[in-house]
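Naming: A, B, ... by sequence-line order, numbering from 1 per chain.
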Protein chains: 2
Amino acid sequence: MDPHLLRTYVTVARVASFSEAARELGYTQSAVSQHIAALEQDLGAPLLTRRPVAPTAAGERLLEHAAPLLLRLDAARADVVRMVGAPEHGLTLAATPTALGSRTLAALPAAGVTLRVLAREEIPAAVARGGAELGLVDGLTAPNDPLRHPDVAPLTTYGVGEEPVCVLLPETHPLARRDGLRLADLVDARWLDAPDAGLPLAHLRRANGSGGFCPALRYEGTDVRTLAALAAAGHGLTLLPRAAATGVPGAVAVPLVAPRLVHRTELVHSGSPRGAAAALVDKLLERA
Amino acid sequence: MDPHLLRTYVTVARVASFSEAARELGYTQSAVSQHIAALEQDLGAPLLTRRPVAPTAAGERLLEHAAPLLLRLDAARADVVRMVGAPEHGLTLAATPTALGSRTLAALPAAGVTLRVLAREEIPAAVARGGAELGLVDGLTAPNDPLRHPDVAPLTTYGVGEEPVCVLLPETHPLARRDGLRLADLVDARWLDAPDAGLPLAHLRRANGSGGFCPALRYEGTDVRTLAALAAAGHGLTLLPRAAATGVPGAVAVPLVAPRLVHRTELVHSGSPRGAAAALVDKLLERA
DNA sequence: AGCCCCCCATCAGTGTTGCTTATCGAAGGT
DNA sequence: ACCTTCGATAAGCAACACTGATGGGGGGCT
């Protein structure tokens, strides 16, 4: 179970080709073939069908393990190297679009910041790997409940703020005049599924304890304005933190009153931040 | 960052000796020395001080990563091998002592079961490694909230039951006549700290949102009767699920009424259980 | 059908790696 | 001051991992 073997295995599984994987990894096709054979012999079972190349049942299982494993490996090396190497000057911050409130933006230092907008699940990974010193993740929870992050590595998280959640509806929507909405009444509505820009429907399903919330349109970008425009145009409802939901032309933001959910954003970093990262952490926390 | 190097590194750090680690791993002292040197060169920093052998700051950091990493590696191999190998006949169940309610015990098949009582945090690891097919973990949460497990591997968990929580007090205790107790009133009481037998104080601190709950006596065994006897003898309070707290001679069990916490037990397994394990899972879930 | 091409498996060869044995310098105990 | 113990280093050897070449089997195109 050498990590190298695992790495070639996942690439082979991804590109569904030995030769292509070899090219990608800079090996010969022969080496890749031997890697897979070694893994299969080690585990005592075929992992891939050949022609077409596709994971077997055991292979699927291994895939589930391999990705987080390799991620953790990268995270470990990055974490140790980071605390050894010189504190770089630039500061990279990975965040979801909805996690970037005005307070956060105001706290950023004037220069030398790289802001990287990523999908929600990629942020802990990016911070762990060292692609970003700090991460801002948001999500839906009960007040004061921490978010659930994929546990990719030993990361530290702090809550940096909670905000009410609103449903964004077109002005013409029959419910647009309400003062507050109950989630249970919206189970059968048409929803936008925008896991990277808005708040994921999966959080809603979990909060509501049941299924429903079938998506009418799926938006795969990370641009909140587009998402809001989609909602205003009547393509479906979406949830946004209040600040992001107000002032959208053609749409109104109605607070969600039941269940009691908040839009919570958390700061995540690995180990002990240094330099500009540490300063930003302090700045964000002192007012939290 | 070969796992072999990592493994020798953690053993060296554990036993604080190159030579001793070499003996334990079946290497020569020279090999161990080279392993550590390779790691240090790879990461670009010393990981251990020599004479005495102790981890440096970077080494400490690496240690935090290494243990879960190696665990996941074992878990991956065990998981794949498990679904390939023949379904063994015996069934091994790992559980905390307080997770074993009468309902669970009644559901066990008549023969061929190995029951392994472990500390709370070891159970997910044991299930992941394949040391047990199934695990039963318990803990304190808000009603219907899932427990938080250390995320050692992709494991599946189901709730199998929730039960009221009681404070176990000596009969002579001034609060023993109460119908219910509030946690906030007990912050400054003397508590037993029995992380493996009872319910960990850390859960309490988290639920109560603050510190306090300083332990008067620490009990490191896994025997609930002893723990109850300690409480009855006045060495400190402890929390137990109602079933385990009732009928203790010399002690009374008073329900905890605020905050609303329940003793929740969850069934954890990895992948798809087969044979006797699958039967037990069904049996436990159908009545949940 | 026949042909060709692409893909994966296998084999032999080779450079590198990883472990062992042997030896040295340094620190601590007696 | 001696001896023991511990970790670092050097040299040698065996196993390993990768390369390049070759072979067999399918699918697609004509």
Atom [atom1] of [X] and atom [atom2] of [N]: how far apart are they, to the nearest Å?
X       : N      : atom1 : atom2 : answer
B/Arg23 : D/dG7  : CZ    : C1'   : 13 Å
B/Phe18 : C/dT20 : CZ    : C1'   : 18 Å
A/Asp2  : C/dT17 : CG    : P     : 14 Å
B/Leu5  : C/dT17 : CG    : P     : 13 Å
B/Gln29 : C/dC24 : CD    : P     : 15 Å
B/Gln41 : D/dT9  : CD    : P     : 11 Å
A/Leu25 : D/dC18 : CG    : C1'   : 13 Å
A/Leu47 : C/dC8  : CG    : P     : 15 Å

Just list the side-chain donor-acceptor pairs under 3.5 Å for residues 61-68 of chain B, sequence neighbours left out, or say none.
residue: B/Arg61; atom: NH1; partner: A/Asp79; partner atom: OD1; Å: 2.8
residue: B/Arg61; atom: NH1; partner: A/Asp79; partner atom: OD2; Å: 3.2
residue: B/His65; atom: NE2; partner: A/Asp79; partner atom: OD2; Å: 2.6

A/Leu192 side chain near A/Tyr219 side chain, heavy-atom distance below 4.5 Å: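 With C-beta onward as the side chain, the pair stays apart.
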Residue pair A/Leu39 / A/Met1, side-chain heavy-atom distance below 4.5 Å: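 When only atoms from C-beta onward are counted, A/Met1 and A/Leu39 do touch, with a gap below 4.5 Å.
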Where B/Ala94 and B/Leu118 come nearest, the two heavy atoms and their spacing: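 Looking at all heavy atoms of both residues, the closest pair is CB-CD1, 4.1 Å.
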A/Tyr27 side-chain N/O to D/dT19 phosphate OP1/OP2 under 4.0 Å: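 False: A/Tyr27 side-chain N/O out of range (4.0 Å or more) of D/dT19 OP1/OP2.
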Distance below 4.0 Å between B/Thr28 side-chain N/O and C/dT20 OP1 or OP2: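 For B/Thr28, the contact criterion (side-chain N or O under 4.0 Å from OP1 or OP2 of C/dT20) is met.
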Test: A/Asp2 and A/Arg7 ion pair at under 4.0 Å: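 Judged by the 4.0 Å cut-off on N to carboxylate O distance, A/Asp2 and A/Arg7 do not form a salt bridge.
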Residues touching DNA chain C, which here means a heavy atom under 4.0 Å, drawn from residues 30-38 of chain A: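 Listed by number, they are A/Ser30, A/Ser33, A/Gln34.
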Ring pair (Phe, Tyr, Trp, His ring centres under 6.0 Å) against B/Tyr27, all qualifying residues, sequence neighbours excluded: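 Partners of B/Tyr27 by the ring pair (Phe, Tyr, Trp, His ring centres under 6.0 Å) criterion, ordered by chain and then number, come out as B/His35.
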